[in-house]
Student: 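Have a look at this one before I ask anything.
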Protein chains: 2
Amino acid sequence: MTHLLPLADDPAPERADAARNREAILAAALRLVRTRGVGCVTMETVAAEAGVGKGTLFRRFESREGLMGAVLNESETAWQASVISGPPPLGPGAPPMERLLAFGHSRLRTNLTHAELIAAAGRPGARSAAALSFANMHVRYLLGELGVTGDLLMLATALLAPLEMVVLDQQVNTEHISLERIEAGWDDLVHRVVGR
Amino acid sequence: MTHLLPLADDPAPERADAARNREAILAAALRLVRTRGVGCVTMETVAAEAGVGKGTLFRRFESREGLMGAVLNESETAWQASVISGPPPLGPGAPPMERLLAFGHSRLRTNLTHAELIAAAGRPGARSAAALSFANMHVRYLLGELGVTGDLLMLATALLAPLEMVVLDQQVNTEHISLERIEAGWDDLVHRVVGR
DNA sequence: AATAGAAGCGGACCATGGTCCGTTTAGGCG
DNA sequence: CGCCTAAACGGACCATGGTCCGCTTCTATT
């Protein structure tokens, strides 16, 4: 092993034109999703709008789900930022319980807002596993602050699960449960899990 | 209102050939799914195997997801039966808490077993809303027996959510969490929700 | 600056889900 | 029993996601 090798060097540092295209595609996709709605955006349309060939789309984003996942990630990242460093009670500065409740409500709204995109992005794995487990991490941290003991990974998962789109979709669209009730239900769950 | 009208009469009592075909399709689909795996079953294949035209598939089952949902329902129904009238602790006869835990474990295994089919069946709505809310109903009932008070619909949803495939998939396939740990986590959740 | 080889490109092509509509058939009725 | 209508049928057809491979473009090297 040579001492000059930088560690964790990207095996293939992405060529300039490739980067340009990736950006163009993402921008085009975002634009089209905004204007026409997720359902009316075909891969061919995106390719045309970005001024690249269809093959390029698939090479960079693997599949339609992958592309939608990437688009989704844009907002997801912004959201993460506001959790990490935004104003309280969602961001730091408020007591843990308040933060936790704010977190749940915020996540709820966010998911509902991006419902279509989430559906189009399909199962996880498209969104980087890291991005997905961010929420879990954060909840775990807050539970720790609250002095909860036990298998925090599992508890965080349990708290997050009812906020998943599959569940929300069912509640909102077939059972017609109000947002307020869902929020209240989640708050109740939190209190039971934390143990007062 | 004439007194001769039977109540809740099916507006269109399904023609004989239609019924025959529906059964043939379902049987063919089940057979193919069993032998080739969900991923390798195309609508055309099913149509051929059932000896009907493709159009017929789509008329009776709406979409691929619909068909897969119908196939899934077969096993789902069997499972429901064993919950309602099978041997304890899953079926009646055991104390509520035992039943609830058994229920969770059973649901966990069942979902994992049918993972592919569930994915192929897509979002709910394909499976009748009734079938889907059966689990919720049952959990609500058991919570009642356990003397839990509060918004039971929400609590049941909270308990069921971590057993959804989206969540399980993530845990099993990307986080590589063992089945035992997931079960233990769920048991813990139940105890916290019920409040000892 | 020229060159070589890798990386990227793009559009023709394929597979499959989903639609449509002219034809066939069940089954109630005179 | 033969007719009539609504329902069901089926396969040609379309749209779109995804693959493939010959051609182009980048960039490291001399």
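Residue numbering restarts at 1 for every chain, and letters A, B, ... go by the order of the sequence lines.
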Student: Is there a donor-acceptor pair under 3.5 Å between the side chain of A:Ser85 and the backbone N or O of A:Ser82?
Tutor: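 No; judged by distance alone, with no hydrogens or angles, the pair does not exist.
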Student: Quick check against the 3.5 Å criterion: does A:Trp186 have a side-chain atom that pairs as donor or acceptor with the backbone of A:Leu159?
Tutor: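 It does hold such a pair.
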Student: Using a heavy-atom cut-off of under 4.0 Å over every strand shown, decide if A:Ala16 touches base, sugar-phosphate, or nothing.
Tutor: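 Sugar-phosphate: the residue A:Ala16, judged by heavy atoms under 4.0 Å, touches backbone atoms but no base.
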Student: Round to a whole Å and report the spacing from CG of A:Leu67 to C1' of D:dG18.
Tutor: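 So the two atoms are 13 Å apart, to the nearest Å.
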Student: Provide, to the nearest angstrom, the distance between the CG atom belonging to A:Leu57 and the P atom belonging to C:dG8.
Tutor: 15 Å
Student: With DNA chain D as reference, determine whether A:Arg59 or A:Met43 sits nearer its 5' end, using the nearest nucleotide of each.
Tutor: A:Met43
Student: Which residue lies toward the 5' end of DNA chain C, B:Thr42 or A:Gly51, if each is placed at its nearest nucleotide?
Tutor: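 Upstream on the strand: A:Gly51.
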Student: Grab the CG-P distance between B:Asn21 and D:dG11 for me, whole Å please.
Tutor: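 It works out to 12 Å between those atoms.
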Student: Looking only at the side chain of A:Arg15 (C-beta and beyond, no hydrogens), which of the listed nucleotides C:dG10, D:dT27, D:dG17 gets closest?
Tutor: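 The closest nucleotide is D:dT27.
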Student: Of the candidate nucleotides C:dG27, C:dC13, D:dC9, which contains the atom at the shortest distance from the side chain of A:Lys54?
Tutor: C:dC13
Student: Between P on D:dT27 and CD on A:Glu14, what's the gap in Å once rounded to a whole number?
Tutor: 11 Å
Student: Between B:Val41 and B:Arg20, name the one whose nearest nucleotide on DNA chain C is closer to the 5' end.
Tutor: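 Between the two, 5'-proximity favours B:Val41.
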Student: Of the candidate nucleotides D:dC9, C:dG17, C:dG8, which contains the atom at the shortest distance from the side chain of B:Arg60?
Tutor: D:dC9
Student: Looking at the side chain of A:Ala18, which of D:dA8, C:dG8, C:dG17 is the nearest nucleotide?
Tutor: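 Shortest atom-to-atom distance from the side chain points to C:dG8.
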Student: Return yes if some donor-acceptor pair links the side-chain N/O of A:Arg192 with the main-chain N/O of B:Arg192 below 3.5 Å, else return no.
Tutor: no
Student: Is the NZ or CZ atom of B:Arg107 positioned over B:Trp79's six-membered ring, under 6.0 angstrom from the centre and within 45° of the axis?
Tutor: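 The answer is yes, since B:Arg107 meets both limits relative to B:Trp79.
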Student: B:Phe58 CZ to C:dT16 P: how many Å, rounded?
Tutor: 12 Å
Student: Closest to the B:Thr56 side chain: D:dG18, C:dA26, D:dC9?
Tutor: D:dC9
Student: Please tell me which of the listed nucleotides, D:dG10, C:dG27, C:dG8, lies nearest to the side chain of A:Asp17?
Tutor: C:dG8
Student: Please check: side-chain N/O of A:Arg140 versus main-chain N/O of A:Thr157, any donor-acceptor pairing under 3.5 Å?
Tutor: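 No, A:Arg140 side chain to A:Thr157 backbone: no donor-acceptor pair under 3.5 Å.
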Student: For B:Glu44 and D:dA12, what is the distance between atoms CD and C1' respectively, to the nearest whole Å?
Tutor: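 Rounded to whole Å, this separation is 11 Å.
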Student: Roughly how many Å is it from CZ in A:Phe61 to P in D:dG17, rounded to a whole number?
Tutor: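 Rounded to the whole Å, the gap is 15 Å.
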